[in-house]
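Beneath this line is the structure, given in structure tokens, with notes to follow.
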Protein chains: 2
Amino acid sequence: MDNQQIKDAGLKVTRPREKILGILERSGRRHLSAEDVYKELLTNGDDIGLATVYRVLTQFEGAGLVCRRHFETGQSVFELNSGDHHDHLVCVRCNRVVEFVDSVIEERQSAIAAQHGFHIEDHSLVIYGVCTDCAVKG
Amino acid sequence: MDNQQIKDAGLKVTRPREKILGILERSGRRHLSAEDVYKELLTNGDDIGLATVYRVLTQFEGAGLVCRRHFETGQSVFELNSGDHHDHLVCVRCNRVVEFVDSVIEERQSAIAAQHGFHIEDHSLVIYGVCTDCAVKG
DNA sequence: TAGCAAGATGCGAAAGCTTCTCAGTTGTCT
DNA sequence: AGACAACTGAGAAGCTTTCGCATCTTGCTA
């Protein structure tokens with residue numbers, strides 16, 4: 001199960017790695033910052049350093065287990081890699097994140113890159129707005 | 001001319017502000033980091049502090065004179081606000097930036113936001129890839 | 001199952017970008 | 001010119017993220 005994913009990544013199965021992966025899997029929110037993960041660990045009584053959280057998340061990223069996103073909040077957020085690419089809608093009030101995929105946009109992006117002689121490696125589309133809940137609250 | 005833009009922003013016309021605006025206007029590159037602007041000032045013999053550069057750029061941003069972008073490089077880059085919205089293609093090798101606009105993508109974005117009950121405030125689409133020049137260089 | 005070497009960890013220090021503080025300076029308005 | 005608010009420079013400080021290193025674990029081997 002969990003452990004296998006860690007092994008497959010060529011990493012030793014250690015308590016920090018198991019715990020961190022568990023938090024990412026069980027968290028209600030799909031997008032957590034390193035700080036979020038760290039605080040969750042502390043809450044659970046796990047004595048794991050922040051540096052380790054960063055190290056582990058970076059290794060998981062390298063192994064393709066998680067994706068790192070840079071929204072405009074100043075800190076990176078991490079999410080479990082579901083395998084399928086998707087973009088994000090972020091609420092500027094409550095930071096809620098909604099994922100979406102749109103094939104039309106994907107196609108246009110490829111076309112535009114090709115048009116400018118670029119070989120796409122990655123792309124990031126983030127729409128910032130106010131979600132229904134926050135709009136209602138005024 | 002320049003000065004008027006600064007006045008219109010409700011700011012006093014000072015040497016740092018004139019110089020910084022001038023650099024943004026005259027720079028060959030459209031996207032400069034605060035550090036880039038600062039170095040340019042030093043080169044020109046202007047004794048302006050980095051803190052001032054950040055302050056001024058932030059004020060210009062607030063006034064709508066410049067736009068701040070957060071690419072995945074870890075630092076913000078600033079560009080003169082041309083008024084019309086556009087997205088970016090960034091070369092991951094040489095950091096070259098190409099701007100583009102695509103109405104199809106714009107439309108799809110609005111549709112997607114509406115579909116999820118979001119009121120769009122802003123959005124950022126960045127395509128990362130390798131540009132022709134860098135691809136040739138291997 | 002004991003022992004070992006490579007790999008992980010935790011802590012504090014440090015780096016990199018950006019903002020803040022504050023005393024001194026400058027622009028603007030009269 | 002004078003007064004006052006706004007602005008600046010320099011360094012300190014804040015934040016997120018990474019590094020260095022002594023210590024501890026994991027996973028393999030005998």
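Here is how names work: the chains are called A, B, and so on, in the same order as the sequence lines, proteins then strands, and each is numbered from 1. Model, not experiment: these values are computed from the prediction.
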Rounded distance (Å) that lies between atom [atom2] of [N] and atom [atom1] of [X]:
X: Gln59(A); N: dT18(D); atom1: CD; atom2: P; value: 11 Å
X: Leu11(A); N: dT26(D); atom1: CG; atom2: P; value: 14 Å
X: Asn3(B); N: dG27(C); atom1: CG; atom2: P; value: 12 Å
X: Arg69(A); N: dT17(D); atom1: CZ; atom2: C1'; value: 19 Å
X: Lys19(A); N: dG10(C); atom1: NZ; atom2: C1'; value: 17 Å
X: Lys7(B); N: dT28(C); atom1: NZ; atom2: C1'; value: 9 Å
X: Glu72(B); N: dG16(C); atom1: CD; atom2: P; value: 20 Å
X: Asp47(A); N: dT23(D); atom1: CG; atom2: C1'; value: 14 Å

Sugar-phosphate only, base, or nothing, as touched by [X] at under 4.0 Å among non-hydrogen atoms:
X: Arg17(B); result: sugar-phosphate
X: Thr52(B); result: base
X: Ile48(B); result: sugar-phosphate
X: Ser33(B); result: nothing

Check your understanding: Which comes earlier along DNA chain C counting from the 5' end, the contact point of Ala51(B) or that of Gly10(A), where each point is its nearest nucleotide?
Key -> Gly10(A)
Check your understanding: When you check the gap from the basic side-chain N to the acidic O, do Asp46(A) and Arg15(A) get nearer than 4.0 Å?
Key -> yes
**Study point:** Note: Asp133(B)-Arg93(B) ion pair, threshold 4.0 Å (strictly below)
**Key:** no
Exercise for review: Return no unless some side-chain N or O of Tyr54(A) is found under 4.0 Å from OP1 or OP2 of dT18(D).
Suggested key: no
**Study point:** Below 4.0 Å: OP1/OP2 of dA6(D) and any side-chain N or O of Thr14(B)
**Key:** no
Review point. Should we count NE2 of His86(A) as having more than 12 external heavy atoms under 6.0 Å?
Key: yes
Exercise for review: Answer with yes or no whether the side chains of His85(A) and Glu106(A) bring together a donor and an acceptor at under 3.5 Å.
Suggested key: yes
Check your understanding: Start at the 5' end of DNA chain D and walk down; is the nucleotide closest to Lys12(B) or to Arg15(B) reached first?
Key -> Lys12(B)
Review point. Less than 3.5 Å between a donor and an acceptor, one on the side chain of Arg55(A) and one on the base of dG7(C), is that the case here?
Key: no
**Study point:** Aromatic ring proximity, centroids under 6.0 angstrom, His88(A) and Phe71(A)
**Key:** yes
